Number of protein chains: 2
Amino acid sequence: MAQEAKPKAVRGPRIDAQRNRQRLLETAKATFAEKGEAAGLEEIARLAGVGIGTLYRHFPTRDALVEAVYRNETQRLAEAAAELAATHPPVEALRAWMRIFVDHIATKQLMAGVLGSIVGGTSDLYADAGAQIKTAMAMLVDRAVADGDIRLDLDPLDMLRALAGVANVSAGPNWEASAKRLVDILIAGVRTPGREGR
Amino acid sequence: MAQEAKPKAVRGPRIDAQRNRQRLLETAKATFAEKGEAAGLEEIARLAGVGIGTLYRHFPTRDALVEAVYRNETQRLAEAAAELAATHPPVEALRAWMRIFVDHIATKQLMAGVLGSIVGGTSDLYADAGAQIKTAMAMLVDRAVADGDIRLDLDPLDMLRALAGVANVSAGPNWEASAKRLVDILIAGVRTPGREGR
DNA sequence: TTTAAATACGGAGGCTTCCTCCGTTTATCA
DNA sequence: TGATAAACGGAGGAAGCCTCCGTATTTAAA
């Protein structure tokens, strides 16, 4: 058998490509925060100082860019869940986390329109992000169920979908307050009778 | 003062225009039911056997077509609310109506994506449709509040927005059951303590 | 029945946005 | 330094919403 030639060294990404990718992510995040779903990719490329072909080389579709931009946020939500679980009683942790979820939308850390896809969709693209949120929510819910505080015969994600519904459209100026009020209603609605701690 | 000449008779719409409009509405309804928001206007025009200019003459924007298609549905929901109010105790009427609301989505009588705009938006175009639903929901809620069954410090429409959130994305195959379960959770969440009639 | 006027038609073309392809440029390694 | 591979960017295509205007059709009056 012939001996294989020694392979050439594998290259990492070029530094210009790394720099461009970073600029695209930062610019996209800012533009989505300002314009939401109306932000166009040509505009994002221009603002980042790159060509549209470059944007597509790094992020093959619009959704791929969106997913990359918000990957950090979903991770942060997952981490927040772990912290709350370590520091709060079960149902309080659940409530607090859902309010943080609402905060993330309010501070434009998540674009409302994308939220539905992340928590509600079945698209593979958002599988990672969706899984992080699903795992976080399921963990908090399981804890509260095990504690006897709540009983839930509904996919926990459906509660987040409900919150997304309040956030998702050009709702009125008080949508945030409404969403947080809805958190309380949902918690009250799944409370085990006789366990109204409030 | 000169006497005005007798005005000519005012014409109604031509019969071909009436026929085309009806065909457009029927075709649009069927296409939206089948393809949801992916239905394109060129396709709808073609399927209806008319030109794209004709579609736009009757419905100046895509939203105008959507609103016209679903005007009947929102009216039916409003009528259902009146009937339920006449035949059911307050909180039962509210619960039943919200389930009918979910049914409408399930049977494609309402396109989930439009639902958000109807119940959640501030656009003038959907003001009539939105007002019908808002009035229906508010009437049922007011009745239940007056009866002492529930207390609600949340815009009633936010409960529908929450349902729309469950319906709004390509949710799993059991979204309908989830939505109806969510109806019960919401009702339980706004129940006046000590009034758990269930 | 014919004519004139008004209504209505439809499709070519414009605009926007997402996306693709490929000639050119740039970074990297030997 | 030269060769190669990675990366670039922008022209152009496709899709979909929408507009405009020459042509067709309907309707009422003579």
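Numbered from 1 within each chain, the chains take letters A, B, ... in sequence-line order. The structure presented is a predicted model; accordingly, all values stated were derived computationally and were not measured.
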Chemist: DNA chain C: B:Ala17 or B:Gly53, which has the more 5' nearest nucleotide?
Modeler: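 Whichever sits nearer the 5' end wins; that is B:Ala17.
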Chemist: Less than 4.0 angstrom between a side-chain N/O of B:His58 and OP1 or OP2 of C:dA8, yes or no?
Modeler: no
Chemist: Is any side-chain N or O of A:Arg14 under 3.5 Å from a base N or O of D:dA6, one able to act as donor and the other as acceptor?
Modeler: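 Indeed there is one.
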Chemist: Please report the distance, rounded to the nearest Å, between CZ in A:Arg57 and P in D:dA6.
Modeler: 8 Å
Chemist: May I have the distance from A:Gln18 (atom CD) to D:dA7 (atom P), rounded to whole angstrom?
Modeler: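 Going from A:Gln18 (CD) to D:dA7 (P), I get 9 Å.
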Chemist: Without decimals, in angstroms, what is the distance between B:Leu24 CG and D:dC17 P?
Modeler: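 Result: 14 Å.
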Chemist: Which listed nucleotide (C:dC9, D:dT19, D:dA7) is nearest to the side chain of A:Pro13?
Modeler: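 The closest nucleotide is D:dA7.
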Chemist: With a 4.0 Å cut-off, would you call A:Lys180 and A:Asp103 a salt bridge?
Modeler: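 The answer is yes: the pair qualifies as a salt bridge.
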Chemist: Record whether the side chain of A:Arg62 comes under 3.5 Å of the base of C:dT17 through a donor-acceptor pair of N or O atoms.
Modeler: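 In this structure, the two groups form no donor-acceptor pair.
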Chemist: How many Å lie between CG on A:Leu55 and P on D:dA7, as a whole number?
Modeler: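 Roughly 15 Å, once rounded to whole Å.
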Chemist: Is the closest basic N to carboxylate O distance between A:Asp155 and A:Lys134 below 4.0 Å?
Modeler: no
Chemist: Base, sugar-phosphate alone, or nothing: which one does B:Ile52 contact when heavy atoms must sit under 4.0 Å apart?
Modeler: base
Chemist: Relative to the 5' end of DNA chain C, which residue comes earlier, B:Gly49 or A:Leu41, by the nucleotide with the nearest heavy atom?
Modeler: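 Here B:Gly49 is the residue nearer the 5' end.
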Chemist: Is the shortest side-chain N/O distance from B:Thr54 to OP1 or OP2 of C:dA8 below 4.0 Å?
Modeler: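 No, because none of the side-chain N or O atoms of B:Thr54 sits under 4.0 Å from OP1 or OP2 of C:dA8.
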Chemist: From CD of B:Glu43 over to C1' of D:dC17, roughly how many Å is that when rounded to an integer?
Modeler: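 Taking atom C1' of D:dC17 as the reference, CD of B:Glu43 is at 14 Å.
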Chemist: Going by an N to O cut-off under 4.0 Å, is there a salt bridge joining A:Glu42 and A:Arg46?
Modeler: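 A salt bridge is absent here (no side-chain N lies under 4.0 Å from a carboxylate O).
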Chemist: Judged by atom type as modelled, is there a donor-acceptor pair below 3.5 Å linking the side chain of B:Thr31 to the main-chain atoms of B:Ile44?
Modeler: no
Chemist: Rounded to the nearest angstrom, tell me the gap between atom CG in B:Leu65 and atom C1' in D:dC18.
Modeler: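 Rounded to whole Å, this separation is 14 Å.
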Chemist: Quick one: on DNA chain D, does B:Pro60 or B:Arg19 contact a more 5' nucleotide (nearest heavy atom)?
Modeler: B:Pro60
Chemist: Measure from CD on A:Glu42 to C1' on D:dG12 and round the result to the nearest Å.
Modeler: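 Checked: the CD to C1' distance equals 12 Å.
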Chemist: Would you call B:Arg19 and B:Asp16 a salt bridge, using N to O less than 4.0 angstrom?
Modeler: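 No, B:Arg19 and B:Asp16 are not salt-bridged.
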Chemist: For the pair made of CD1 in B:Ile44 and C1' in D:dC18, what is the distance, rounded to whole Å?
Modeler: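 Computing the B:Ile44:CD1 to D:dC18:C1' distance gives 14 Å.
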Chemist: Does B:Asn20 make a side-chain N or O approach to OP1 or OP2 of C:dC9 shorter than 4.0 Å?
Modeler: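 B:Asn20 to C:dC9 OP1/OP2: side-chain N or O found under 4.0 Å.
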